[in-house]
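I am attaching a structure below and will ask some questions about it afterwards.
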Amino acid sequence: MSTNALPTQSTDFPGWYGEVVRRADLAENSAVRGAMVIKPYGYAIWEAIQRALDHRIKATGHENFYFPLFVPASLLAQEGELVEGFAPEVAVVTEAGGKRLEEPLAVRPTSEALIWSTYARWVQSYRDLPLLYNQWANVVRWELRPRLFLRTSEFLWQEGHTAHETEAEAVAETLTILHDVYADTLENVLAIPVLRGRKSESERFPGAVETYTLEALMRDGKALQAATSHYLGQGFARTFDVHFTGRDGVEQHPYATSWGASTRLVGALVMAHGDDRGLRLPPLVAPQQVMIVPIYHETDQADVLHAAAAIRDELGAAGVRVRLDDRADYRPGFKFNEWELKGAPVRIELGSRDLAAGTVTVARRDTGEKHQIPLPRVGTEIGELLSDIQTSLFRVALHDQERRTLSNPDGYQEMIEYLREAGGFVAASWCGSGECEARVKDECSATIRCLPLVEQPERSNTCICCGREAAQSAVWAQAY
RNA sequence: CGGGACGUGGCGCAGCCUGGUAGCGCACUCGCUUUGGGAGCGAGGGGUCGCCAGUUCGAAUCUGGCCGUCCCGACCA
């Protein structure tokens with residue numbers, strides 16, 4: 001643990017991010033380029049995210065299963081769009097058991113091919129549908145520019161793969177996942193407000209008919225795709241020969257969806273809430289919600305530690321994730337800084353002054369405020385404080401996102417300048433042409449993050465780029 | 001793959017230009033004193049200077065090649 005101050009967000013956001021990830025003990029680089037070691041503290045955050053997602057995935061009727069890491073390369077190659085989209089980043093095993101393999105094995109970049117080739121055996125009748133399955137897995141994509149959590153060559157995620165009898169049911173599934181699983185987790189657990197929308201054609205998942213996305217704004221004004229849910233139509237069913245006899249006795253192909261969210265969400269958490277002192281974790285995902293720091297002298301050490309342990313036990317019994325930092329080798333000031341860096345939502349300071357007054361000192365990480373509360377009220381007030389911090393982090397982030405969204409800019413030039421300096425989101429009307437999309441990207445490297453599901457109330461009816469008639473609004477931003 | 005920078009104890013760096021027995025801060029170990037916002041003093045341990053070759057009496061330092069990392073672009077959860 002270094003004692004130096006962090007780089008500041010305003011002067012060096014990438015440097016700040018890297019230092020926070022490293023010094024808060026979230027993750028570090030490994031011997032393999034682009035592959036990261038997730039350390040216990042970072043993994044605990046991921047586990048909290050996993051729990052939240054898994055709970056919602058199951059609550060919406062899905063079951064977990066597991067498919068293997070390797071996919072015969074020929075199988076992966078069967079789906080034209082998929083292979084085209086992923087070919088550059090697929091890792092392939094050509095040798096195993098000391099011999100060259102007759103058939104190379106791809107390390108999955110995503111599992112549609114393997115799963116759908118298997119679904120062919122699982123589906124015979126409409127009575128076998130729907131298939132509502134999910135897996136927690138690792139996937140490998142050989143990224144050119146890796147970045148801890150945001151883009152690593154191996155990452156952890158969940159990928160859902162469902163098969164449905166009708167198109168309407170599959171589309172409804174895609175949206176259920178988007179809203180009830182992903183957006184609910186992002187906003188109510190991670191406290192990160194999201195824009196919900198469709199992807200433009202150029203940003204769509206390879207092989208998808210429609211890709212739905214959640215876009216979150218980071219504190220440097222850049223957007224992060226937080227989760228995606230794809231309606232895949234019947235393409236994969238056709239490619240992998242999945243068919244069933246329908247209610248009408250006619251042979252037909254099921255409709256597919258797939259959807260995923262990854263360890264990237266840990267990075268989202270860092271960049272959406274972190275400040276110049278480090279991480280600010282929403283209580284619902286914080287490995288430690290309350291840290292108790294005892295402050296004592298030789299003479300009162302036993303009393304202070306005894307009282308601190310009692311508070312720990314009381315809060316623990318009430319279901320709070322609480323820890324007493326009784327390390328003797330570190331002084332209180334060091335612990336304050338360390339737990340602020342690691343984002344613990346609440347700190348309780350307890351010293352002889354507090355004992356004498358019958359209080360504890362409580363500091364909240366999000367605002368930095370400190371105040372005293374009477375010992376008997378600790379149980380109830382800490383619970384309220386944690387839920388207050390949870391909603392407050394969301395409200396602050398939402399306000400920030402609204403403040404940084406430029407809606408209906410006066411002209412194209414204003415939009416480009418705003419995007420160029422990563423001011424945030426720009427919402428404007430778009431004609432739908434790839435040329436306009438490419439032109440913006442060319443001029444300021446910003447992309448269409450989504451075509452929002454909720455239309456802008458005062459939308460202009462001409463395209464911000466070309467002035468032609470515009471059928472929809474789009475949201476642009478620089479993106480990770 | 002293009003453009004830039006850099007490889008020296010665990011981490012961050014100086015030394016290189018002008019070759020001569022490898023140094024600083026943090027971290028680590030031991031001791032004492034400390035503890036309400038990153039403790040102080042003292043004593044220690046740890047590095048074939050990215051790799052290979054060359055020049056030289058002698059290379060962290062000069063030369064050539066290779067490897068790797070980071071930052072900026074194109075690709076991307």
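First the proteins, then the strands, lettered A, B, ... as listed; each starts at 1. It should be emphasised that the depicted structure is a prediction, and the values quoted were computed from it without experimental measurement. Hydrogens, waters and symmetry mates are skipped; everything else that's a heavy atom, side chains included, is used.
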### Message
Within the 4.0 Å heavy-atom criterion, would you say A:Thr152 contacts the bases, only the backbone, or no part of the nucleic acid?
### Response
base
### Message
Can you see whether A:Thr211 engages A:Glu203 through a side-chain donor-acceptor pair at a distance of less than 3.5 angstrom?
### Response
no
#### Entry: Listed nucleotide nearest any side-chain atom of A:Ser262, set B:A77, B:C72, B:U35
B:A77
### Query
If we call it a pair only when both distances are under 3.5 Å in a Watson-Crick or G-U wobble match, what pairs with B:C1?
B:G73
### Query
Counting side-chain heavy atoms from CB outward, which of B:G37, B:C76, B:G36 is closest to A:Glu340?
B:G37
### Query
Within the structure shown, what part of the strands sits under 4.0 Å from A:Leu224 by heavy-atom distance: base, sugar-phosphate, or nothing?
nothing
## Note on the structure
Under a 3.5 Å limit on both distances, the Watson-Crick or wobble mate of B:G7 is B:C67
### Message
My understanding is that only one of A:Val396, A:Leu279, A:Ile192 makes a side chain to side chain contact (heavy atoms under 4.5 Å, CB included) with A:His273; could you say which?
### Response
A:Ile192
#### Entry: Distance, P atom - from B:A60 to B:U69, rounded to whole angstrom
25 Å
### Task
Could you give the distance separating B:G15 and B:U34 at their C1' atoms, to the nearest angstrom?
37 Å
### Task
Answer yes or no: side-chain N or O of A:Glu338 and base N or O of B:G38 forming a donor-acceptor pair under 3.5 Å.
no
### Message
Distance check needed: B:A77 C1' versus A:Leu178 CG, whole Å only.
### Response
14 Å
## Note on the structure
Across every strand shown, the nucleotide meeting Watson-Crick or G-U wobble geometry with B:G19 (both distances under 3.5 Å) is none
### Message
Side chain of A:Arg264 only, heavy atoms from C-beta on: which candidate in B:G38, B:A77, B:G36 is closest?
### Response
B:A77
### Summary
Partner of B:A43 under the Watson-Crick or G-U wobble criteria, both distances under 3.5 Å, comes out as B:U29
#### Entry: Residue among A:His230, A:His161, A:His62 satisfying ring-ring contact (aromatic ring centres under 6.0 Å, His included) with A:Trp259
A:His62
## Note on the structure
Separation of B:C72 atom C1' from A:Lys222 atom NZ, nearest Å, is 11 Å
### Message
Looking only at the side chain of A:His297 (C-beta and beyond, no hydrogens), which of the listed nucleotides B:U35, B:G38, B:G37 gets closest?
### Response
B:U35
### Message
Distance check needed: B:C76 P versus A:Glu89 CD, whole Å only.
### Response
7 Å
### Query
If we ignore angles and hydrogens, is there a donor and acceptor under 3.5 Å between the side chains of A:Glu143 and A:Thr152?
no
### Query
Once you round it to whole Å, what is the distance between C1' of B:G38 and OH of A:Tyr330?
11 Å
### Quiz item: A:Lys370 side-chain donor-acceptor pair to B:G37 base, under 3.5 Å
yes
### Query
Applying a 3.5 Å limit to both distances, which nucleotide forms a Watson-Crick or G-U wobble pair with B:G12?
B:C24
### Task
Answer with yes or no whether A:Arg151 presents, from its side chain, a donor or acceptor under 3.5 Å of a partner atom in the base of B:C76.
yes
### Message
Pairing check on B:G37: which nucleotide meets the Watson-Crick or G-U wobble criteria with it, both distances under 3.5 Å?
### Response
none
## Note on the structure
In whole angstroms, the gap separating P of B:A39 from OH of A:Tyr296 amounts to 14 Å
### P-based separation of B:C13 from B:C71 [nearest Å]
13 Å
### Message
Heavy atoms only, 4.0 Å cut-off, all strands: where does A:Gly351 land among base, sugar-phosphate and nothing?
### Response
base
#### Entry: Inter-nucleotide P distance (B:A27, B:C11), Å rounded
15 Å
### Task
Would you classify A:Arg277 as touching base, sugar-phosphate or nothing, given that sugar-phosphate means primed atoms plus P, OP1 and OP2, and contacts are heavy atoms under 4.0 Å?
base
### Task
Between B:C49 and B:U21, how far apart are the C1' atoms? Round to whole Å, please.
14 Å
### Query
Is the A:Tyr43-A:Tyr41 ring centre distance short of 6.0 angstrom?
no
### Task
Examine the side chains of A:Arg108 and A:Asn138 and answer whether a donor and an acceptor come within less than 3.5 Å of each other.
yes
### Query
Using centres under 5.5 Å plus planes under 30 degrees as the test, is A:Phe155 stacked with B:A77?
yes
## Note on the structure
Exactly one candidate in A:Arg365, A:Arg364, A:Lys335, A:Arg347 meets salt bridge (Lys or Arg N to Asp or Glu O under 4.0 Å) with A:Glu340; the answer is A:Arg347
### Message
Output the rounded distance in Å from OH (A:Tyr480) to P (B:G73).
### Response
11 Å
### Query
Any donor and acceptor pair, going by atom type alone, linking the side chain of A:Ser433 with main-chain N or O of A:Cys436 inside 3.5 Å?
yes
### Task
Using the P atom as the reference point in each nucleotide, state the distance between B:G40 and B:G46 in Å, no decimals.
25 Å
### Summary
Taking B:C11, B:C75, B:G36 as options, the one with an atom nearest any side-chain atom of A:Ile295 is B:G36
#### Entry: Within 45° cone of A:Tyr330 ring axis and under 6.0 Å: A:Arg327 NZ or CZ
yes
### Query
Which residue, A:Ser445 or A:Gly333, contacts RNA chain B at a nucleotide closer to its 5' end, judged by nearest heavy atom?
A:Gly333
### Query
For A:Arg331 and B:A39, is the shortest distance between a side-chain N/O and OP1 or OP2 below 4.0 Å?
yes
## Note on the structure
The residue, A:Ala363 or A:Glu298, whose nearest nucleotide of RNA chain B is more 5′ is A:Glu298
#### Entry: Polar side-chain contact A:Arg347-B:G37 base: donor and acceptor under 3.5 Å
yes
### Query
Watson-Crick or G-U wobble partner for B:C62, using a 3.5 Å limit on both distances?
B:G54
### Query
Considering only the C1' atoms, how many Å lie between B:C16 and B:C62, rounded to the nearest integer?
10 Å
### Rounded interatomic separation in angstrom, taking CD from A:Glu84 and P from B:C75
15 Å
### Message
For B:G36, does the base pair up with any side-chain atom of A:Thr361 as donor and acceptor (N or O, under 3.5 Å, distance only)?
### Response
yes
### Query
Taking atom P in both B:G73 and B:G36, what distance in whole Å separates the two?
44 Å
### Query
Considering only B:U35, B:A77, B:C75, which nucleotide approaches the side chain of A:Lys441 most closely?
B:C75
### Task
Have a look at A:Gln225 and say if it touches a base, only the backbone sugar-phosphate, or nothing, with a 4.0 Å heavy-atom cut-off.
sugar-phosphate
### Summary
A:Trp142 CH2 to B:A74 C1', in whole Å, measures 20 Å
